[in-house]
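Below: the structure, in structure tokens.
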Amino acid sequence: MARFIDKLPILEGSDSPDAAFNNGRGRGRGPSLGELFKVVVDTRVTADDKSDDAALPPAAYSVDLSDGEVSRPVPFVLSFSNLTYSVKTKRHKSSHLATNSDLALMDQNSNSRTKTLLDSISGEARDGEILAVLGASGSGKSTLIDALANRIAKGSLKGSRTLNGEPLESRLLKAISAYVMQDDLLFPMLTVEETLSFSAEFRLPRTLSASKKKARVQALIDQLGLRNAANTIIGDEGHRGVSGGERRRVSIGTDIIHDPILLFLDEPTSGLDSTSAFMVVKVLRRIALSGSVVIMSIHQPSYRILGLLDRLLFLSRGQTVYSGTPSMLPHYFAQFGHPMPENENRAEFALDVIRELESSPTGSKPLVDFHRTWCLINPSTNRSLTQSPTSLSLKDAISASISRGKLVSGTDGPAANDSSTMPTYANPFWVEMGVLTKRSFKNTSRQPELFIIRLFAVVVTGTILGTVFWKLDDSPKGVEERLGFFAFAMSTMYYVCADALPVFINERFIFLRETAYNAYRSSSYVLSNTIVSLPPLVILSIAFACTTFFSVGLAGGSEGFMFYVLMILASFWSGSGFVTFLSGVIPHVMIAYVVVVAILAYFLLFAGFFINRDRIPNYWIWFHYLSLVKYPYEGVLQNEFGRTGECFVRGTQIFDNSPFGAMPHQMKERVLSAISGALGVKITDQTCVTTGRGVLNQVAVTQMGKWDCLLVAVAWGFLFRILFYFSLLLGGKNKRR
């Protein structure tokens with residue numbers, strides 16, 4: 001028994017093993033037999049977990065990419081003090097029904113509508129340890145993680161954050177940290193190894209050789225326990241891929257490829273079964289042991305997961321109710337008057353007590369006050385009140401960390417902590433664009449059915465139009481039918497482009513996650529998106545032109561055909577640009593579809609087919625010039641009717657499409673002769689009355705030539721992509737206000 005007592009873990013702030021059981025039970029009383037057995041079980045669980053980590057090869061923790069020797073991790077201490085964050089909310093008339101705990105979160109001024117989500121939160125996290133933030137839903141867990149990860153606007157968050165005693169600047173924090181969102185945001189058709197390799201291309205500096213980048217990816221695959229799934233695609237609803245736990249580990253891996261010093265995770269175990277959740281936290285422990293500060297929020301950890309956590313921070317409605325080690329929980333709640341039963345999950349018991357207090361009239365205020373008193377009486381339990389004697393300065397710590405093989409994207413040498421000299425991005429613009437283009441091509445090429453469906457729709461539409469408007473003649477009816485064909489064909493180009501809406505909307509959160517920590521520039525993404533979308537548009541344009549130009553009998557020969565192809569391509573180009581811009585502004589697919597369909601209908605209305613330009617009221621004429629359909633429509637009309645020598649109305653054909661069209665031919669000739677006599681001009685049955693230019697004058701298409709229309713359509717495409725870029729800049733800050 002004495003040997004067991006000698007091996008008991010000592011609680012923080014205690015001088016002997018006996019103190020672990022003397023607190024709250026009377027001075028000098030030894031542990032009970034049940035207590036001893038529980039300690040033995042806890043010790044075995046911890047030892048097993050440590051042995052698993054110890055069994056990992058050194059490569060599972062880090063890779064020496066600096067040709068130096070990997071040695072003991074450099075100490076880092078992240079401290080945060082009095083973090084306070086409030087938001088404006090609408091004050092309900094029934095606020096008198098709120099509990100005291102709710103009122104405690106509201107400003108005391110009756111005219112104020114401010115709700116405090118974080119209320120003077122303080123704490124500390126160190127390298128080699130996992131700090132877990134716990135609490136019920138709405139307690140402020142995710143808000144605290146966002147505050148520490150600099151995802152809250154600077155003017156809205158009060159308090160301080162320091163690393164090794166020095167304030168953390170935003171630019172430096174982006175370079176040495178990573179943030180893992182709650183959702184797994186990955187490209188479904190890429191394999192695990194490809195996903196991590198592309199992440200390495202973004203986050204690791206260009207100066208690093210390809211072999212060392214590959215070595216880092218392979219080491220990370222081992223560290224994440226993904227070796228067996230390395231060549232498996234991520235998958236989605238329509239494609240079978242990795243499991244949920246593996247997907248979560250890949251998501252973590254994409255953000256830690258540069259081996260960050262600080263790692264923030266928002267509920268990484270959410271939606272996973274107990275085994276998968278345990279594996280994820282076990283990976284996080286390995287990352288912490290490699291020299292990183294790991295801070296995560298977790299809803300309700302299991303007994304095994306709790307054994308992997310080093311520090312706990314319990315929140316209740318934005319206030320701290322416990323801060324310390326898991327082993328201190330029983331003694332803490334026993335002192336509070338809620339003794340913890342034997343063999344009870346400590347985290348679950350604490351959460352149950354907190355929820356019970358929150359539902360009471362007084363709320364969790366008694367536990368908040370008790371925690372403050374506890375910290376004053378036991379200052380050693382709250383490390384944020386004491387300065388770590390082993391902490392190095394931030395400059396020395398980062399420099400030593402890099403020299404020992406820990407990767408920090410874009411950092412180099414002793415000036416690594418100088419945010420003024422640190423590069424914002426790890427790679428130049430053209431490298432980012434190349435990697436983004438390669439990734440998009442690879443992801444889309446593995447889903448050929450998407451392009452095949454688009455091509456099939458365009459070919460079928462062209463075939464239907466070609467057979468309906470088969471070999472149109474040069475009569476007045478042929479002119480009207482040509483006008484109808486061009487109006488429908490050019491508007492179809494824009495409606496076909498609507499299928500590009502989900503492309504960026506589905507990638508939106510991947511873009512936000514990757515650009516939040518400067519993986520690449522927004523401009524690189526826009527240009528890459530443009531390059532990837534262009535080849536399919538060229539193929540679709542040629543396919544539609546080939547199925548309609550010859551079957552309808554359009555004029556112009558090879559030159560007219562080439563312009564027809566270019567104008568269709570310009571229509572696709574401007575239409576896809578317009579749809580891409582809207583996808584950057586409207587994040588919801590269904591709403592975006594409604595807006596696109598409505599606006600395209602207005603474009604068609606004011607294009608000049610249903611009502612000529614000279615007949616549109618002055619107060620609506622501005623919409624005519626904004627119509628995207630106007631310029632392709634007028635361009636193909638100029639291509640068809642703008643040539644000299646073409647005649648579309650001869651002699652008696654002037655009576656067609658009028659009540660006189662039903663007269664006998666002899667009667668038409670006599671009427672035409674009478675008109676000739678009255679005008680003093682000889683008009684025979686073969687006299688050209690209306691040329692192609694006359695048709696253009698009748699439909700008021702006279703302001704621009706066909707090449708001008710082509711250039712304007714192309715310019716619209718560039719303009720919308722520029723607007724898309726600015727929408728990414730304005731909407732990609734990804735910070736709470």
Is the distance between the ring centroids of Trp620 and Phe606 less than 6.0 Å? yes
Looking at Phe578 versus Phe603, is the centre-to-centre ring distance below 6.0 Å? yes
Lys630 bridged to Glu634 by N-O distance under 4.0 Å: yes
What I want to find out is whether Asp236 reaches Arg247 closely enough, with some N-O distance under 4.0 Å, to be called a salt bridge. no
Would Arg482 count as a cation-pi partner of Phe469, with NZ or CZ less than 6.0 Å from the six-membered ring centre and within 45° of the ring normal? no
Tell me whether the rings of Tyr525 and Phe511 are parallel (<30°), tilted (30 to 60°) or perpendicular (>60°). tilted
Would you call the rings of Phe549 and Phe561 parallel, tilted or perpendicular, where under 30° means parallel and over 60° means perpendicular? perpendicular
Taking the ring centre of each residue, are Phe641 and Phe648 less than 6.0 Å apart? yes
Do the side chain of Ser533 and the main chain of Thr530 share a donor and acceptor less than 3.5 angstrom apart? yes
Verify the ring-centre separation between Tyr631 and Tyr625: is it less than 6.0 angstrom? no
Taking atom types as modelled and ignoring hydrogens, do the side chains of Glu514 and Tyr520 form a donor-acceptor contact shorter than 3.5 angstrom? yes
Would you check if Asn518 and Phe202 make a side-chain contact, meaning some heavy-atom pair closer than 4.5 Å? no
Does the ring of Phe563 carry Lys706 above it, NZ/CZ under 6.0 angstrom from centre and within 45° of its axis? yes
